[in-house]
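First up is the structure itself, then whatever we jot down about it.
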Amino acid sequence: MAGKRSAKTVRRWLFGDQLGPHFVDDDDQPVLMIESRAVFARRTFHRQKAHLVLSAMRHRAAELGDRCEYVAADTYAEVARGPLTVCHPTSRAALGLVQRLPDVEILPARGFVTSSAEFQDWTETRGRRRLLLEDFYRDARTRLGVLMDGDEPVGGKWNLDAENREPPPRSGSLGVPEPWWPAEDEIDEQVRHDLDRWEADGDVHFLGVDGPRRFAATAHEAGEVLQHFLSDRLDAFGPHEDAMLAGDPWMAHSLLSAPMNLGLLDPIDVVRQAEQVYRSGAVRLASTEGFVRQILGWRDYVWHLYWQQGASYAHRNALSAERPIPKWFAELDADDVKARCLSTVLADVRDHGWVHHIPRLMVLGNYAMQRGWRPSAVTDWFHRAFVDGYDWVMVPNVIGMSQYADGGVMATKPYASGGSYIDRMSDFCGGCAYRPKVRVGEKACPFTAGYWAFLHAHREDLAGNHRMAQPLHGLDRLKDLEELLVQEADRGSTAP
Ligand code: FAD
Ligand code: SF4
């Protein structure tokens, strides 16, 4: 029929985070992929993030063979010629771009468990109630029958967080096997060579150091990471999920965020496989529930909030934090930092482009919020420094969860804490130049003193929040507050 396009002439445009088999419709579909060096010239990304993304894209192109046109170009628009179909991109900027281009059909998003329509239905049931993660998660579990016995959650409880908040073991080790590490190949060698060349040409600069590729770059490798995690590490995941160890950044975390965010694994498969392992009796319920909650709950929840909250959300700044990020932090100068927690975590980011959830929230994010660094700059920093950082996931996690810049949409109170939390949940404080309980003087812990200075600065902003009543009452009782405020003003932007 005149004008009707055959499926063979309509190519699927794959962005660099749409690399799994579920982003194409069949084994013959022609594909377009675009590699842009200009993306890396515009912003300073972690070297290992640039490596991972390019390696994953080139590996996918090699798998697709002749049916993939792989083009290197400065801008997408110059080569993205239709007719094309594309799965809903993951950032507002990319969505705007594909909407502006002629002859590009946008398909519903893939790579998330709950669809936009299902999320919309759920929000409509809420009326004026908050869009709570806990309720969203329970709705998804019920709808999909995940970890359910009929209408009831397996084991009778929806939430096993109370069993999953143990401090680290005193031995300094979880005693679990290391994660599965990928072996680099000739594609990685070529990527490393290209990145070295771009850097030498002077138009591209990177953050952090180069190192062996630690994260899966193909669907096959991602499957290996997942299987190894499920059989050898998931059982230990739960209890120490929130703990930190100076000598082991990975602990029993899955290392699946990077491959999942590249689109290499379909999250519902990950969830179903975790449930199967639990049902086989091989892992405890608390660990399985904790892990499923992260994916079916948190990961999808932040994805939907990113779109639901609108474009202005990324610029919210409820606490009017306007200070720039200091150079030592921005450039990962871990060796300049005496505070052992911060120095260890910055060194891990420098060396791997990754740390787990709690160092992100309670060390890096906590410090940034206490010191009043501009939330949009903190988001940008996290996005560039982390191998799994993408706009959709960084904006809610940083603006909402970590910096309280949305004024309480995501978190009911700021995730601010002093050194005693870090002391309880890690082995950092023992070897530190500061003492977690000391507020003033040479040994004053910058997190503890910073916490009180933060509460003082935001006393009015937080006064109406009943969850902050007790900490604010504690602030009123501090005898050395004046001295502490002078000390913290002096600490200013220098490395603690
Ligand atoms: P695990 O601890 O094994 O958890 C399993 C999976 O759950 C993760 O792979 C991830 O896909 C998902 N998950 C858990 N929590 C979240 C969450 N809050 N948001 C989205 N997914 C979640 N995660 C990212 O994928 N990209 C980011 O850019 C990112 N930035 C963050 C920034 C801050 C300030 C904070 C507090 C959290 C951020 N997270 C981000 C969430 C979380 O820290 C990482 O997903 C996790 O540490 C990745 O390691 P893992 O794969 O071993 O996760
Ligand atoms: Fe961090 Fe304070 Fe503990 Fe030192 S004493 S490791 S600065 S929390």
Side-chain angles (χ1 to χ4, degrees), residues 49 112 133 179 215-216 225-226 229 233-234 237-238 241-242 244 246 249-262 265 267 270-271 274 287 290-303 305-306 337-345 353-369 375 378-379 381-403 410-411 415 417-438 443-451 496:
K49 179 177 197 174
F112 297 91
L133 171 274
F215 295 88
V225 179
L226 174 62
F229 172 72
R233 295 162 52 76
L234 171 59
F237 171 83
E241 193 183 337
D242 285 1
M244 299 175 278
W250 320 107
M251 300 185 69
H253 289 273
S254 68
L255 272 58
L256 288 170
S257 57
M260 259 191 295
N261 296 352
L262 287 165
L265 288 174
V270 176
V271 166
S287 285
F291 180 65
V292 165
R293 164 180 294 269
Q294 302 304 316
I295 296 178
L296 200 62
W298 281 108
R299 185 172 187 275
D300 261 48
Y301 177 72
V302 303
W303 162 253
L305 276 194
Y306 173 75
V337 181
K338 272 198 303 177
R340 187 161 179 243
C341 53
L342 198 47
S343 158
T344 309
V345 171
W354 182 94
V355 288
H356 76 72
H357 186 71
I358 296 300
R360 294 186 204 203
L361 188 64
M362 301 312 289
V363 178
L364 300 170
N366 186 14
Y367 199 76
M369 181 167 63
V378 178
T379 311
W381 177 84
F382 266 105
H383 184 150
R384 293 181 293 102
F386 278 77
V387 286
D388 57 11
Y390 293 86
D391 205 45
W392 67 269
V393 61
M394 274 308 175
V395 168
N397 272 307
V398 179
I399 295 291
M401 180 115 165
S402 138
Q403 300 300 294
M410 261 191 98
Y415 276 97
S417 82
S420 48
Y421 174 87
I422 296 175
D423 191 26
R424 188 168 67 252
M425 294 308 290
S426 78
D427 61 354
F428 291 136
C429 298
C432 183
Y434 304 111
R435 305 304 320 134
K437 288 199 170 61
V438 178
K443 298 260 174 213
C445 165
F447 280 84
T448 300
Y451 172 73

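Counting starts at 1 for both ligands and their atoms, in listed order. Only heavy atoms go into these numbers, but all of them, side chains included; no hydrogens, no water, no symmetry mates. We number each residue from 1, following the sequence as shown.
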Taking only heavy atoms of P436 into account, list the atoms of ligand 2 that are under 4.0 Å away from them. 5 (S)

Okay, side chain of S343, backbone of A339: is any donor-acceptor separation there less than 3.5 Å? no

Which atoms of ligand 1 have any heavy atom of G389 under 4.0 Å away? 28 (O)

Check A433 against ligand 2 and report side chain, backbone, both or neither, counting heavy atoms closer than 4.0 Å. neither

Separation between CZ of R384 and OG1 of T379, rounded to the nearest 0.5 Å: 11.0 Å

Shortest non-hydrogen separation from R435 to C445 and the atoms involved: O-CB, 3.2 Å

Got a second to check how far S257's OG is from H357's NE2, nearest 0.5 Å? 12.0 Å

Which of parallel (below 30°), tilted (30 to 60°) and perpendicular (above 60°) describes H253 and F237? perpendicular

What is the closest protein heavy atom to atom 7 (S) of ligand 2, and at what distance does it sit? A339 CB, 3.5 Å

Can a donor-acceptor pair be found, under 3.5 Å and without considering hydrogens, that links the side chain of R360 to the backbone of V355? yes

Are side-chain heavy atoms of W392 and F112 found at a separation under 4.5 Å? yes

min-distance protein heavy atom vs atom 9 (O) of ligand 1 -> S257 N, 3.0 Å

Measure the distance from atom 25 (O) of ligand 1 to every protein heavy atom, then report the residue, atom name and distance (to 0.1 Å) of the closest one. N261 ND2, 2.8 Å

Would you say Y415 contacts ligand 1, with heavy atoms under 4.0 Å as the rule? no

Flag side-chain contact, heavy atom, 4.5 Å: L361 against N366: no

Quick one, F229 with V270, criterion side-chain contact (heavy atoms from CB on, under 4.5 Å). Give me CA distance, side-chain angles, the key distance, then yes/no. CA-CA 11 Å; F229 172 72; V270 176; over 6 Å; no

Give yes if a backbone or side-chain nitrogen or oxygen of L361 is under 3.5 Å from a nitrogen or oxygen of ligand 1, and no if not. no

Quick check on contacts: which atoms of ligand 2 are under 4.0 angstrom from a heavy atom of C432? 4 (Fe), 5 (S), 6 (S), 7 (S)

Geometric N/O contact W354 with ligand 1, under 3.5 angstrom: yes

Six-ring centre of Y390, K49 cation under 6.0 angstrom, axis tolerance 45°: yes

In ligand 1, the atoms that come under 4.0 Å of a heavy atom of S402 are 34 (C)

Mark yes or no for whether T448, through its side chain, and V438, through its backbone, hold a donor-acceptor pair below 3.5 Å. no

Of all protein heavy atoms, the one nearest atom 2 (Fe) of ligand 2 is C445 SG, 2.4 Å

Got an N/O contact under 3.5 Å between W298 and ligand 1? no

When you look for heavy atoms under 4.0 Å from ligand 1, do you find them on the side chain of S254, its backbone, both, or neither? both

Residue and atom name of the nearest protein heavy atom (relative to atom 6 (C) of ligand 1), distance in Å to one decimal: I295 CG1, 3.7 Å

Atoms in ligand 1 flagged as close to L256, the criterion being non-hydrogen separation under 4.0 Å: 9 (O), 51 (O)

Do the non-hydrogen side-chain atoms of Y367 and P446 ever get within less than 4.5 Å of each other? yes

Under 4.0 Å from ligand 1, counting heavy atoms only, is it the side chain of F386, its backbone, both or neither? neither

Heavy-atom distance to atom 1 (Fe) of ligand 2: which of P496, C341, G430, G431 wins? C341

Proximal ligand 2 atoms for P446, defined as those under 4.0 Å from one of its heavy atoms: 7 (S)

Check each of V393, L305, V395, I399 against atom 24 (C) of ligand 1 and report the one with the nearest heavy atom. V393

Per-atom contacts of ligand 1 with F237, taking only distances under 4.0 Å to non-hydrogen atoms: 1 (P), 2 (O), 3 (O)

Identify which of Q294, M251, M394 has a heavy atom lying nearest to atom 4 (O) of ligand 1. Q294

Determine, using heavy atoms of Y301 and all atoms of ligand 1, whether some pair is separated by less than 4.0 Å. no

Nearest non-hydrogen contact to atom 41 (C) of ligand 1 from the set H357, M362, Q403 belongs to H357

For residues W303 and Y306, establish whether the separation of their ring centroids is below 6.0 Å. no

Examine distances only and state if a side-chain atom of R340 and a backbone atom of Y434 form a donor-acceptor pair shorter than 3.5 Å. no

Under 4.0 Å from any heavy atom of G419, which atoms of ligand 2 are there? 8 (S)

What protein heavy atom sits nearest atom 3 (Fe) of ligand 2, and how far away is it? C429 SG, 2.3 Å

Which of these, R360, M401, H356, has its nearest heavy atom closest to atom 44 (C) of ligand 1? R360

Minimum-distance protein heavy atom relative to atom 18 (N) of ligand 1: N397 OD1, 2.9 Å

Taking the side chain from D423 and the backbone from G419, do they hold a donor-acceptor pair closer than 3.5 Å? no

Protein heavy-atom partner closest to atom 52 (O) of ligand 1 - residue, atom, separation in Å: L255 N, 2.7 Å

Who's the nearest protein heavy-atom neighbour of atom 2 (O) of ligand 1, and how far? H253 ND1, 2.7 Å

Separation of D427 CG from T344 OG1 (nearest 0.5 Å): 8.5 Å

Could you report the tightest heavy-atom contact between I295 and R299, atom names first, then the distance? O-CB, 3.3 Å

Can you report which non-hydrogen protein atom sits closest to atom 26 (N) of ligand 1, along with the distance? D388 O, 2.9 Å

Is any side-chain heavy atom of E241 closer than 4.5 Å to one of H356? no

Against heavy atoms of M260, which atoms of ligand 1 measure under 4.0 Å? 9 (O), 11 (O)

